[in-house]
Undergrad: 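Mind looking over this structure? Questions follow.
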Amino acid sequence: MKSAVVVFPGINRERDMMLALETVTGSKPVSVWHTETELPKVDLVVVPGGFSYGDYLRCGAIAARSPIMQDIRAKALKGLKVLGVCNGFQIITEAGLLPGVLVRNKDLRFVCRQVKLKVENNQTFFTNRMQKGAIVSCPVAHGEGNYICDAETLKRLEAENRVVFRYAEGTNPNGALNDIAGIMNESGSVIGMMPHPENMIEPLHGRTDCRPLFESLLAA
Amino acid sequence: MTLAHDTKITPDLVKSHGLKPDEYERFVKLLGREPTITELGICSAMWNEHCSYKSSKKWLKTMPTKGARVIQGPGENAGVIDIGDGDAIVFKMESHNHPSFIEPYQGAATGVGGILRDVFTMGARPIAAMNALRFGEPAHPKTRHLVAGVVHGVGGYGNSFGVPTIGGEVNFHARYNGNILVNAMAVGLARADSIFYSKAKGVGLPVVYLGAKTGRDGIHGATMASAEFDDKAEEKRPTVQVGDPFTEKCLLEACLELMASGAVIAIQDMGAAGLTSSAVEMGAKGDLGIELDLDKVPCRETGMTAYEMMLSESQERMLMVLDPSREKEAEAIFHKWGLDFAIVGKTTDTLRFVIKHKGQVMADLPIKQMGDEAPEYDRPWVAPKLQPVLTNAPAPGDLKAAILKIVGSPDMCSRRWVWEQYDSLIGSNTAQIPGGDAGVVRIRGKKAIAVSTDVTPRYVEADPFEGGKQAVAECWRNLTATGADPIAITDNLNFGNPERPEIMGQFVHAIKGLSEACNVLAFPIVSGNVSLYNETNGQGILPTPAIGGIGLIPDVDLMATIAFKNADDVILQVGGHGTHLGQSIYLREVLGKEEGAPPPVDLALEKTNGDFVRGLIRAGHVSAVHDVSDGGLGLAVIEMAMASGLGASLVLLTHEQLFGEDQARYVITASPAQAAAITAAAAKAGVALEQVGTVTAEPTLKIASGPSISVADLRIAHEGWFPAYMSGEL
Amino acid sequence: MKAKIKVTLKTGVLDPQGKAIEGALGHLGFDGVGEVRQGKYFEVELAETDHAKAKEQVKAMCEKLIANTVIENYDIELA
Amino acid sequence: MKAKIKVTLKTGVLDPQGKAIEGALGHLGFDGVGEVRQGKYFEVELAETDHAKAKEQVKAMCEKLIANTVIENYDIELA
Ligand SMILES: Nc1ncnc2c1ncn2[C@@H]1O[C@H](COP(=O)(O)OP(=O)(O)O)[C@@H](O)[C@H]1O
Ligand SMILES: [Mg+2]
């Protein structure tokens, strides 16, 4: 499985993501700088977490308009798998790859803690090794993870089974609509999520709940 | 123009620059003429307390700074220690007290930014951050706003920059009402053979300005206020430094990339007194002159004078001496990261610090004298008045109420509200998040380091010498409690006005105490910071020598944590029963008194007991470990229970035994079978050890025939105070 | 020329910051405070001297970057 | 009555956000963009109907909460 991790100035969880990808899938991802205009040939592109451009203006807004995103958008429409985590989710959403917006956490504070995630859809490239309805521990670390969208979009997301992850058991850390923690596009080629599965894959992290997510990439 | 180059130097102007008449005289003699206004500004920046350590130097020199693992002690941007396998840890702590009181968010943010820069200037990638915070009493009208702003600022900068914040301290006390303390610590990882220093080498080499543009940020307030302004004075008033973590993150990546290329000869971050102190330090250390052409300095505001450029404290900037053959390469790296890169001067063999602006020489100063030969004082001091040992502290009328009160008190309650606002996980290496005895991050493989910041200001106030010892001992103990070998420390000495002999006496005694502890525990000081004049209306803060320590864990799989692990494990106390209630939390929170001598620190005992506990951890014989500090044995056990959800059944204990804050003690748990072996080993090692209870599956704290309190109720009290206070409910 | 741009949340879009300020104003004892909405404000220096062209340019900036038109409206004033 | 409040950074105070937007506009191909400064914008509904009193009230809100007067200026408009 070949993967690429896109790096924008201010992104800071690219190492975590690369480590997780390499540890679990066994192959080292390539790093792609934001000014490049074409992706290398890969099976998966990950837009990692961090504070691209300092989260200035709006989270992900400036990164979403950088050169590499055009190629990502074009290829995602043709089925290239794209995973956006945290700031990556914000970026691909700002870029129009996913509907809705991520706004300030309800209590206006950054939050870093473990939450429980319910796997709502296990038919995706990132969840196929999970049971539907499984509940896993996963950390979040964000100030603007409050997912909102209009009623029409929400209805569609739910009806089309495009909510991939939901915060379970009252652990919603940010006030997101319907406890949404992660969603996918219509074709399932693009997934965005706020939590950081890359920080829960080995015993050092206290638990290894999110390892199967990365293992799913091998099957897909 | 604000301060024209030909501004006449008056006694008032000298005074407003914080120079005493004799200091100014010394400066004039050094020059052999009247200084220019730019020169006066440079002198005031270099010779102020913050840069010159003129009141503290004499005493700092007495502290132990050497050890087998010390690569670089005090005197550089940060200390460097060897942790084996070619790895080095670079770390330091620094205060940003005053700016944080004025503008809590930006003050704290730029404090974090400054200390991170100190660490990566030396070629290290920051891998952990800590923050030691002291606020006024909760009821003070400013406190809530300051807590909110400071915590938001610490997180705002560290989270965006991308360093895990893995611990710290928060205290409240009326003595910080007008003077909060914001001490930030950063820890970086480098290769031991590629550490970068600030000492310039080679004549005629380019001096390069890197990072963000220069504005009028932080230009000395007093100076500006008394200078002759024109009608635009309002517009030019000194501005608060604003942090830009995004630029700093880019600066980090650019610096590390450039360092790896081999083009960097010397590098120095621009911290306090910006361009002035960075240039003078590089030159003075390298026995070289520096010539700067200010026309080349990237400015973000128009019409900046030489004076302003030299004194600006704009953040996220660096100064570097570069290998001239690598200039293009260096520039390309900086432009890739969207940063300014400008050759602003060169090194010379004249030992002069020469500043040119618009073709005119604005300053021409002897560089060594500005840097290394600032005035130094032996300030008068008097031995602190000590408090008598407290002899009677009555038992509580209602033990259950007393426990709940302590558990939910501002100083003892959970700091979750604080540390959940910090990204403690970034890097994927965090093995212990805040909430335990020390933060732990993996280096690689199984090797990890533990980090802790500690000081108990009320002890230092009551007895600066014992309190100084205690700060070091507690830090050592917290590291030990994770299974780490304590290696070295950084300090942040926060005190009042050193021109008052009682304050200077506190300072001197605290340093003696710290030093003694460092010596006995083989725990040298490799970097630090002094913050004096923390005083409002003649009332100083509690003396607060914060200690930040690093310990090495060879095998992180054997790291200990505070949470109980198994029901029926035996709870053992190492170090004997508590007896000492003077200056204790119990005394303050339950009996409403702050008096008596603090607990004495027997350093030899600290070492024996700590080494014993560390041995047990490394042998895998214990299931949980917690040091005994604030609140005594009782609070230690309760914290272990709350962290696990299991309960504890304790033997009959007096209130001294429950709440005494005697030092050199730990609580450990082990299976009944292990416990027997441990007891035997303790006897052999001459370590006091007794069973004080057992871990129970039922989540309740039971004290013999006394009260029983559910862990759920303890948690409600413990977790409740901070959120309730911050939301304004208290 | 200078463009002054106000970016406001569309009606119906949740505004946690505005809500928090509303609450805080109440706690501070300000009476009669109704809804509070928080938006953004920008000032952009432009080289363009032609009013109509400047307006076009700033409009394009707002559409492409400055506002997220999914949830925000913008309002341009030139001075 | 409705108060419209603009909060802007004082001259000389670093504006990292504005700078980042300035850079991004350049990358997006907008020519002739000079300095960009970002501020905040608030709309506050008021029960007060007296113009002068409302102005006083909003000024107090700005001083106490809405603006950080150490680094920000504010500008009130009543409608
Ligand atoms: N400002 C802070 N930032 C991060 N963590 C903090 C902060 N203040 C306290 N903590 C964490 O809360 C826990 C309890 O703090 P403290 O009671 O000072 O510990 P100890 O007594 O072991 O030194 C520690 O893990 C500490 O790191
Ligand atoms: Mg401890």
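Nothing here was measured: the structure is a model prediction, and the numbers come from that model. Residue numbering restarts at 1 for every chain, and letters A, B, ... go by the order of the sequence lines.
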Undergrad: Roughly how far, to the nearest 0.5 Å, is CD of C/Gln57 from CG of D/Asp31?
TA: 7.5 Å
Undergrad: Is atom NZ of C/Lys10 surrounded by more than 12 heavy atoms (other residues, nucleotides or ligands) closer than 6.0 Å?
TA: yes
Undergrad: Kindly compute the distance separating CG (D/Asp15) from CZ (C/Phe42), expressed to the nearest 0.5 Å.
TA: 9.5 Å
Undergrad: Could you walk me through whether C/Met61 and D/Val33 pass the side chain to side chain contact (heavy atoms under 4.5 Å, CB included) test, one step at a time?
TA: CA-CA 10 Å; C/Met61 290 177 191; D/Val33 176; 3.5 Å; yes
Undergrad: Work out which heavy atom in D/Lys64 is nearest to a heavy atom in C/Leu28; give both atom names and the distance.
TA: CB-CD1, 4.3 Å
Undergrad: Has the side chain of D/Glu43 got a donor or acceptor atom that lies under 3.5 Å from a matching backbone atom of C/Glu35?
TA: no
Undergrad: Can you say whether D/Lys6 sits under 4.5 Å from chain C via the side chain, the backbone, both, or neither, judging by heavy atoms?
TA: side chain
Undergrad: At a 4.5 Å cut-off on heavy atoms, which part of D/Ala60 comes close to chain C: side chain, backbone, both, or neither?
TA: both
Undergrad: Say you draw a straight line from NZ of C/Lys4 to CZ of D/Arg37; how long is it, rounded to the nearest 0.5 Å?
TA: 13.5 Å
Undergrad: Can you say whether D/Ile5 sits under 4.5 Å from chain C via the side chain, the backbone, both, or neither, judging by heavy atoms?
TA: neither
Undergrad: Side chains of C/Gln38 and D/Tyr41: does their closest heavy-atom pair fall under 4.5 Å?
TA: no
